[in-house]
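In what follows, chains are A, B, ... by sequence order, proteins preceding strands, each numbered from 1. Keep in mind that the numbers below use all heavy atoms, side chains included, and drop hydrogens, waters and symmetry copies. This structure is a prediction, so every number in the text was calculated from the model and none was measured.
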Amino acid sequence: MGLRNYSLEIDQVLPSFAPRDAIGYHTLKMQELIQSLGIKSEIYADEIKEDLQGHAHLFAEFLRQSYRSNRYIIYQASTGSPIAGHLTSRREPILINYHNITPKEILGRWDIGVGIVVGAGIKQLSSLKEKLVGAISVSEYNKWCLRQEGITENSLVAAPFIPVAAHSGIADDGIGIRDRFVSSNWLFVGRIAPNKAQHDIIKAFSAYITGWQQDATLTLVGGISSQRYSDSLRNLAGELGISGRVHFTGPVDNMELEKHYRDATVFICLSDHEGFGFPIIEALRHSVPVVAFASSAIPETLGISGILVPSKDPIQVAAAVALVENDRQLREKLRAEARHTLERYSPEAANMQNLNALQKLIPELASRK
Amino acid sequence: MNQSLDEPANAATDENQEIDFLNGASHAPTSESSPPMNVQTNEFMSKIAREIDEEVRRKRAQGAFPPAFERRLKTIFEQLVPPGAGNSRKDFEALLRSSDRAAYFDIDVPIASQKPGVTRVKKLLRTTQAWYLNYLAQQLNNFSTNLMRLLYVFDSRVKKLEDASESAKTVRPSGTFLKPYYVTASGLDEKLLSSMGEPAGRVLIADCGNGYLVNHLNEHGFDSYGVDSNLESLENPVVTSLDLRWQDLDEHLKEIADDALFGIVLQNTSDMISPVEKLDLILQARRVLAPTGNLAIISIDPRFFETSSELLVQRDLSPGKPFAPETWRYVLEQLEFSNVSTTSFENCHLTMGYFTNNDAPGD
């Protein structure tokens, strides 16, 4: 391609750059990795949240820039965005870092507008594929999804960079193993959105209260993506007579999040669709046993370090929670397996895998250490 | 993979299967319908699924969940789903109305602003660009108006079809209009027991009523449970710890994974539904039966309906008529059930079919 190593640039573009956001964090870490190789790297986003002003440029600025032969572009893709349309008209080689796009069938039921945006995102993948020189997916599942859109050439998998909270390793103090809990406290962390299926969690929790422990609590942490869905969840809890036991916290800061993980006796995830499932890793880091529905990328992320349920039948899910809470031996086994999972998704592993992927996809990087 | 009993059926497989009734052939989709799962994860999940099933059975045996529990959880949430989000006629109409409201493109852009002078600038822009935007908006409005008309015509034609098909199956013996008739005959339970062979998995008793057959099989080492769409009949079970659920049979079968059941006993409703529904029911049953599973059909003798006015009314108002045992036998044989046999009792017949799944691993 005639690029000269000393002037190589690798810039990243993404629709929204936000703090405490999995993709925002990943993009920042990717920039650090590229810069550590002595390569210039900038971030361009359509929307830059306040805390990150100064870390990125507006995408409009990118549009004004003319073609640079020494530049690669990495598109951090997670939703439909006009950015993808603009990229198809650029001459620079483009790589996609794929975090997955929720199917429109799940979101469109609650918000037609959002459904259209994510639907467009999938179509944009197809139109972008001719321009791509390679793809890095954050999970094998995402790679499989790209294959469904015809993106197969130079398609690699590299673990995402996951924010490390206060607990950087698994707790050894006995608190983590949750043997001293008096009452069950279910936890889920994620936006209040239909694909996260908090309604299934509430139904399973209702079954748990009916069949196992009446004084259990459920904490749903996360900001609201769909107000309509959020209202339905509150009404569901009300109709089931468990409003007092279901807590909606809204968005929380790291300190509060830490407290919720510490207090939880089980982390429950019944999402219909996850491209990776960061909170599952956070739960493992806090030694919280995980019970999750085996959909999309979740079996790959959790592996055998948690309980995967093949059905969202409320009684089955409640029984799975009861099983993990009452079986100390099982919890110890899961905890031991969690160590391997956390190693697999450690910052060092993510760094190495992403570096390897970049070196394979960008020939000019092959010789860089 | 050993799937749990209540695992949802693989929707992709279900929808894409083309079933040729007469040849009993089924063509699975050739494209990759789901990503592969790690073998170790798969094995661990299956092992845990068995423990979960065991825990569920233990709780059900304690009578922790009333028959209507799951149905209640489901219906409450369905009522909270916003109009237009479901797929009922009401939802469709709500969506049609909201699409109609949104189908007009207006070029009268708001120009109000709190910043001084901006309103004037906006107004100038609007005036100078109006000819262009108006031209575009006219074309879009023409298109959307025609599209909406097309949708309304389409809706009215679909409504006619729906009405015609609904009228064919509105009166159901299991509905509120007619009370279901639960067949009893001396020796039937023992014959069923001996025909089922050795217990080798879960058995579903459809239209279980007070759970008499469920209890009978359980007492002889089977792991059986029942479903019935008639709540009234579930309210006085023969034994309170039985696993009896208030659910429609077709809905329940759709939720069960392939090859999950060792046996299915059909009775009552299966007599009175239309021939098409009967065939659908058997195909669903065949899908969920494990390799070498058993299917038992308890059918009321068509002549028995003439012995009481209550049964006559039920027969005449039903969407379908009861099959003679010879017909059930023919249907099961066409659908590749083997060793099909019929035993007659004073007012009913027991038709047994044994299913050998040729696609089973190791075959």
Side-chain angles (χ1 to χ4, degrees), chain A residues 108-112 139-145 147-148 194 199-200 202-204 206-207 210-212 228-229 231-236 238-240 291 294 296-297 299-300 302-324 326-327 330 333 337, chain B residues 1-9 31-38 40-49 51-60 62-66 69-70 72-82 84-87 91 95 98-99 102 243 245 255-257 260:
Chain A
R109 290 190 75 212
W110 291 85
D111 189 328
I112 292 171
S139 63
E140 285 288 346
Y141 172 74
N142 289 0
K143 182 183 170 185
W144 178 85
C145 291
R147 194 157 71 234
Q148 306 310 301
H199 63 282
D200 286 320
I202 293 174
K203 285 197 267 184
S206 171
T210 307
W212 282 271
R228 185 182 264 188
Y229 181 65
D231 293 345
S232 293
L233 292 182
R234 286 171 191 276
N235 289 336
L236 176 65
E239 292 280 336
L240 293 171
V291 172
S296 47
E300 180 189 340
L302 184 59
I304 56 171
S305 49
I307 305 285
L308 282 167
V309 288
S311 151
K312 289 213 255 182
D313 176 278
I315 298 177
Q316 292 267 330
V317 174
V321 171
L323 191 71
V324 77
N326 296 325
D327 187 340
L330 174 63
K333 180 180 158 42
E337 290 299 336
Chain B
M1 176 187 150
N2 256 338
Q3 285 166 307
S4 131
L5 164 68
D6 292 328
E7 182 182 350
S31 66
E32 197 183 10
S33 57
S34 57
M37 199 192 273
N38 177 286
Q40 196 189 14
T41 307
N42 212 345
E43 282 170 2
F44 182 62
M45 194 166 114
S46 302
K47 180 180 167 287
I48 293 289
E51 289 181 37
I52 294 170
D53 282 344
E54 194 50 49
E55 175 70 4
V56 171
R57 254 171 249 159
R58 193 179 67 78
K59 274 288 156 188
R60 285 195 190 276
Q62 289 173 2
F65 305 104
F69 181 74
E70 285 137 306
R72 189 169 162 263
L73 283 182
K74 192 176 174 189
T75 48
I76 287 177
F77 185 67
E78 276 171 359
Q79 284 160 12
L80 296 170
V81 174
N87 58 6
D91 291 327
L95 200 57
S98 72
S99 304
D243 179 2
R245 308 179 196 179
E255 289 172 1
I256 301 177

Contact part of A/L323 toward chain B, heavy-atom cut-off under 4.5 Å: side chain, backbone, both or neither?
side chain

Interface moiety of B/F65 toward chain A, non-hydrogen atoms closer than 4.5 Å
side chain

Applying a strict 4.5 Å limit to non-hydrogen atoms, the region of A/A207 in contact with chain B is both

Distance check, rounded to the nearest 0.5 Å: B/E70 atom CD versus A/K203 atom NZ?
10.5 Å

When you check the side-chain N and O atoms of B/E55 and A/W212, is any donor under 3.5 Å from an acceptor?
yes

Main chain of A/I202, side chain of A/S206: is a donor-acceptor contact present, judged purely on distance under 3.5 Å?
no

Applying side-chain hydrogen bond (donor to acceptor under 3.5 Å, both in side chains) to A/S139 and not counting sequence neighbours gives A/N142

Quick check on A/P299 against chain B: is it the side chain, the backbone, both or neither that has a heavy atom closer than 4.5 Å?
both

If I measure from the heavy atoms of chain B, does A/A322 come under 4.5 Å with its side chain, its backbone, both, or neither?
side chain

State whether the side chain of A/E140 and the backbone N or O of A/E300 hold a donor-acceptor pair below 3.5 Å, judged by distance alone.
no

Which bit of A/L302 comes within less than 4.5 Å of chain B, counting heavy atoms only: side chain, backbone, both or neither?
neither

